[in-house]
Amino acid sequence: MKVAFPCFGYETISLKNFVENLGAQVCLPPPLTEKTLSLGTKYSPELICLPFKITLGNLIEGLRAGADTLFMAAGARKCRFGYYHYIQETILRQVGNGHKFYPISQYTPFEFFFRKMPSIFSVSPVRVITATYLLLQHSALIERFRNYIRKARILDFNKSRAQEKHALELLEHAKKLSQIRKTKEAIDKLFDKTKIIPDNTIKIGLVGEIYIMLEPFANHDIEKELGKMGVWVWNQRSLYRHLKHLLHIDHLGIKYKFQASPYLKDSPGGEAINTVGEARSFIKNGADGIIHIYPFTCMPENIAFEALQKMSDDYSVPLLSLSIDEHTSQTGLLTRLEAFVDLLKRRKMITQKPKIQNSKIKT
Amino acid sequence: MKIGIPRALFYFRYGRFWQQFFNHLGIETVVSPKTNKDLLDIGLKKVSSEICLPIKIVCGHLEWLKDKVDTIFLPRIVELNHGLYSCPKMIGIVDIARMQVGNQCQILSPKIKNNFIFAHFLLGLNLTKNPYKARKALNKALPYLNNHKTNVFDNHKPKILLLSHFYNLEDDFIGQDIKAAFIENGFAITTKEVLDQTILNSANGFAKNIQWIYERELYNAFHYNLTKVDGVCDIISFGCGPDSLVGEIMNQHANQNKVPFLQLIIDEHTSKTGLVTRIEAFSEIIKRKTYTTDLHK
Ligand code: SF4
Ligand code: SF4
């Protein structure tokens with residue numbers, strides 16, 4: 001069995017190790033490129049949101065790379081994501097042949113642990129549970145690494161590249177619990193914790209739709225670009241948190257729901273409530289600006305967009321909304337980012353000199 | 001107290017019920033006028049251009065109502081009939097409305113989550129503080145919940161199924177031109193609103209996978225009519241998430257069954273002439289097809 005699934009940023013490594021822990025071979029599609037996107041766009045319905053197109057292209061490339069078993073997340077509630085697989089399955093059947101396609105529902109943990117995964121991989125439920133535990137640990141590690149690398153980029157961008165490469169290699173080999181523990185120490189050592197971020201660094205809170213935020217190809221590597229400009233990016237989204245949310249142990253989610261409540265009283269689905277809650281708590285912690293990134297016509301984020309506009313007025317913190325589709329050009333995006341960062345720098349200079357009481361925030 | 005109800009979105013399904021309900025509670029209601037260009041233009045300024053047309057229209061209506069009443073009624077319908085959700089924008093519109101009207105008026109939005117009738121009872125109780133009155137008003141209003149229209153089919157004309165949300169087709173601003181164009185081309189029109197709720201909500205076949213209330217209705221209506229009509233026209237707003245998916249699924253199924261399928265995508269820039277031309281071309285296809293199949297018989 002050669003397994004392929006859509007890439008999910010750095011978190012792909014966690015998922016890959018998870019599948020390997022279940023005893024299957026992973027046949028990852030080649031890294032995401034423009035080709036993936038145009039392949040996905042070619043077969044997709046016109047009006048669908050961007051993650052559909054990228055994941056579809058990704059799965060097709062996986063098939064071409066020799067995979068015979070495809071996985072896709074499923075589980076429908078209020079948003080489109082849970083329905084992707086119905087259409088993708090039909091399309092993939094036309095493109096490939098003889099492969100298996102398994103949609104994995106996110107909201108039925110019992111079935112996941114005791115029926116679906118054991119029967120697909122022919123392993124015992126205990127092994128699935130252990131593997132999931134390891135997946136949680138590993139994704140926590142990835143989250144840790146991503147927090148480090150964001151800081152490392154501001155301190156020394158060129159050095160951070162080497163560090164990133166090194167860390168990813170370590171992470172790839174962390175499969176068992178003991179290895180994960182060792183890797184954690186190694187990564188802690190790799191990134192010098194003693195160095196602190198200078199006070200006048202520009203801080204930007206990044207919020208938005210989870211796939212776009214986590215997949216560097218989809219967001220045109222926005223975190224790295226901002227890091228290059230010397231911006232400290234705050235980002236609270238990760239696979240680790242999402243998994244915890246699915247297992248109902250995500251305490252941060254409750255916090256953000258509370259933070260979002262003046263703007264959104266109820267979750268419209270997707271990640272909107274997190275987007276709004278995170279943005280508000282970033283602002284309260286002193287972020288200089290907020291960047292909202294989401295796929296074009298994304299429904300929950302469109303609602304969040306309105307809330308963020310209002311929030312940006314209320315707290316007078318600049319907001320940059322980036323709606324991404326397959327026509328978004330890297331250069332155009334960079335120009336907008338640069339202009340935004342310039343604006344923040346100018347504002348910071350003005351507010352810093354007289355030291356006015358900018359910490360008082362009205363609600 | 002005067003309660004304003006926007007003549008948009010849910011109004012086209014539950015509007016008569018709400019009006020009766022509030023009147024029996026002894027509360028005056030004001031319904032915004034029919035959608036027109038001016039209302040839409042106001043709405044356009046209020047929300048991002050990416051949002052679907054129906055939501056932009058609601059925002060226009062809200063703006064009209066906000067200086068005429070002190071309370072606007074806009075329920076938050078999250079889930080109906082267990083496991084059937086409404087679309088994210090229908091849930092979020094309440095928050096958008098609250099931010100839009102600000103302190104000028106209050107938004108009355110009972111949260112409806114599998115308790116449509118009980119939520120209204122609570123609302124009545126809250127407004128009148130009198131359980132008997134609330135119950136009586138509810139009972140009086142309930143018959144208005146199912147507004148059935150009977151379908152008059154002219155058997156000689158080719159039949160077309162117009163598939164769209166009720167707030168698109170029944171809002172004359174959006175639906176009238178399309179309906180008129182089909183009638184002009186000699187079609188008899190049917191929509192999902194004439195079908196029985198048991199058909200619309202049935203969870204048989206593929207429909208059970210669809211967990212959006214109104215999308216399931218669309219799919220069921222499509223499925224029910226597939227063998228009964230000569231063509232299907234699916235009207236979706238640009239930026240509509242659920243329709244972009246379910247529309248595609250229906251398109252695939254229609255192709256498999258060789259039923260002509262037209263997808264019209266509408267937004268605020270859609271011109272009448274453009275629509276009419278596309279409908280004409282589509283009519284030609286259907287007519288040619290029925291003609292050739294008649295020959296084969
Ligand atoms: S959250 Fe946005 S991008 Fe994701 S499925 Fe929903 S509409 Fe598409
Ligand atoms: S179902 Fe579509 S048209 Fe209706 S509110 Fe939702 S996105 Fe808009």
Side-chain angles (χ1 to χ4, degrees), chain A residues 43-49 52 74-91 93-94 103 105 107 260-273 276 292 294-311 313-314 321 323 325, chain B residues 46-52 55-56 59 76-79 83-100 102 107 109 111-113 206 208-213 215-216 236-253 255-256 263 265 267:
Chain A
Y43 289 104
S44 301
E46 190 189 340
L47 296 178
I48 203 101
C49 37
F52 182 98
R77 288 228 170 135
K78 297 166 201 156
C79 207
R80 280 186 266 196
F81 183 69
Y83 299 86
Y84 278 6
H85 64 98
Y86 295 117
I87 302 180
Q88 289 185 334
E89 192 173 357
T90 328
I91 297 170
R93 227 182 295 131
Q94 292 161 6
S105 172
Y107 300 109
S261 58
Y263 296 94
L264 296 185
K265 292 246 187 294
D266 201 354
S267 164
E271 302 270 318
I273 207 121
V276 176
H292 181 210
Y294 58 95
F296 182 60
T297 73
C298 171
M299 303 187 281
E301 297 304 326
N302 275 171
I303 302 292
F305 173 89
E306 306 297 329
L308 290 178
Q309 295 280 333
K310 178 96 192 320
M311 191 189 294
D313 284 351
D314 288 353
S321 290
S323 131
D325 67 4
Chain B
K46 291 289 162 192
V47 278
S48 108
S49 60
E50 257 173 54
I51 281 192
C52 57
I55 298 293
K56 289 171 181 159
C59 292
R76 195 196 289 272
I77 300 185
V78 179
E79 199 180 344
L84 283 183
Y85 299 91
S86 66
C87 126
K89 288 182 202 162
M90 295 178 187
I91 302 171
I93 180 67
V94 180
D95 291 308
I96 294 185
R98 223 161 14 85
M99 292 185 259
Q100 186 188 328
I107 300 278
S109 71
K111 179 169 165 177
I112 295 171
K113 205 168 175 183
F206 187 76
K208 74 168 184 298
N209 296 328
I210 301 178
Q211 293 193 352
W212 285 302
I213 318 162
E215 299 300 322
R216 186 180 279 185
I236 73 182
S237 319
F238 183 81
C240 171
D243 280 355
S244 70
L245 259 161
V246 178
E248 177 63 21
I249 291 169
M250 294 193 292
N251 195 353
Q252 286 175 356
H253 290 199
N255 286 344
Q256 280 161 16
Q263 199 167 55
I265 297 165
D267 63 9

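FYI, side chains are in, hydrogens and waters are out, and symmetry mates aren't considered; it's all heavy atoms of this structure. Below, chains carry the letters A, B, ... as their sequence lines are ordered, and counting in each starts from 1.
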Task: Least distance between heavy atoms, A:P45 atom then B:S244 atom - done: CB-O, 4.5 Å
Task: chain A contact via B:I55 - which portion, at a heavy-atom distance below 4.5 Å - done: neither
TODO: May I ask you to test the B:P242-A:M299 pair for a side-chain heavy-atom distance under 4.5 Å?
DONE: yes
Task: Euclidean distance, B:Y85 OH relative to A:C79 SG, rounded to 0.5 Å - done: 13.0 Å
TODO: With a 4.5 angstrom heavy-atom cut-off, could you sort out which part of B:K111 is near chain A: side chain, backbone, both or neither?
DONE: side chain
Open item on the list: A side-chain contact here means heavy atoms from C-beta on lying under 4.5 Å apart; do A:Y263 and B:D95 qualify?
Closed with: no
- [ ] Please state whether the side chain, the backbone, both or neither of B:S109 comes within less than 4.5 Å of a heavy atom of chain A.
- [x] neither
Task: Segment of B:I236 engaging chain A (4.5 angstrom heavy-atom cut-off) - done: side chain
Open item on the list: Contact between A:I48 and B:E248 at the side-chain level, heavy atoms closer than 4.5 Å - yes or no?
Closed with: no
Task: chain A contact via B:I96 - which portion, at a heavy-atom distance below 4.5 Å - done: side chain
Task: Side-chain touch B:V78/A:K78, heavy atoms, less than 4.5 angstrom - done: yes
TODO: Could you tell me whether the side chain of A:Y86 and the main chain of B:L245 form a donor-acceptor pair under 3.5 Å?
DONE: no
- [ ] Measure across B:N209 and A:Y83 and return the closest heavy-atom pair with its distance rounded to 0.1 Å.
- [x] O-CE2, 3.4 Å
Task: Validation row: B:R76, A:K265 side chains within 4.5 angstrom (heavy atoms) - done: yes
TODO: Would you give the length of the straight line joining atom NZ of B:K89 to atom OG1 of A:T297, rounded to the nearest 0.5 angstrom?
DONE: 6.5 Å
Open item on the list: Looking at every non-hydrogen atom in both residues, tell me the closest pair between A:E306 and B:K46 and how far apart they are.
Closed with: OE1-O, 3.7 Å
Task: Interface moiety of B:Q252 toward chain A, non-hydrogen atoms closer than 4.5 Å - done: side chain
Task: Which of B:G241, B:C240, B:S48, B:G239 touches chain A most, by non-hydrogen pairs under 4.5 Å - done: B:G241
- [ ] Could you check if a side-chain atom of A:T90 sits within less than 4.5 angstrom of a side-chain atom of B:I249, using non-hydrogen atoms only?
- [x] no
Task: Atom pair CG (A:L47) and CG (B:D243), whose distance is rounded to the nearest 0.5 Å - done: 9.5 Å
Task: Spacing of A:D314 atom CG and B:M99 atom CE [to the nearest 0.5 Å] - done: 9.5 Å
- [ ] Taking all non-hydrogen atoms of both residues into account, name the closest pair between A:F296 and B:E50 and its distance.
- [x] CE1-CG, 3.2 Å
- [ ] Sort A:A307 into side chain, backbone, both or neither according to what part of it lies under 4.5 angstrom from a heavy atom of chain B.
- [x] both
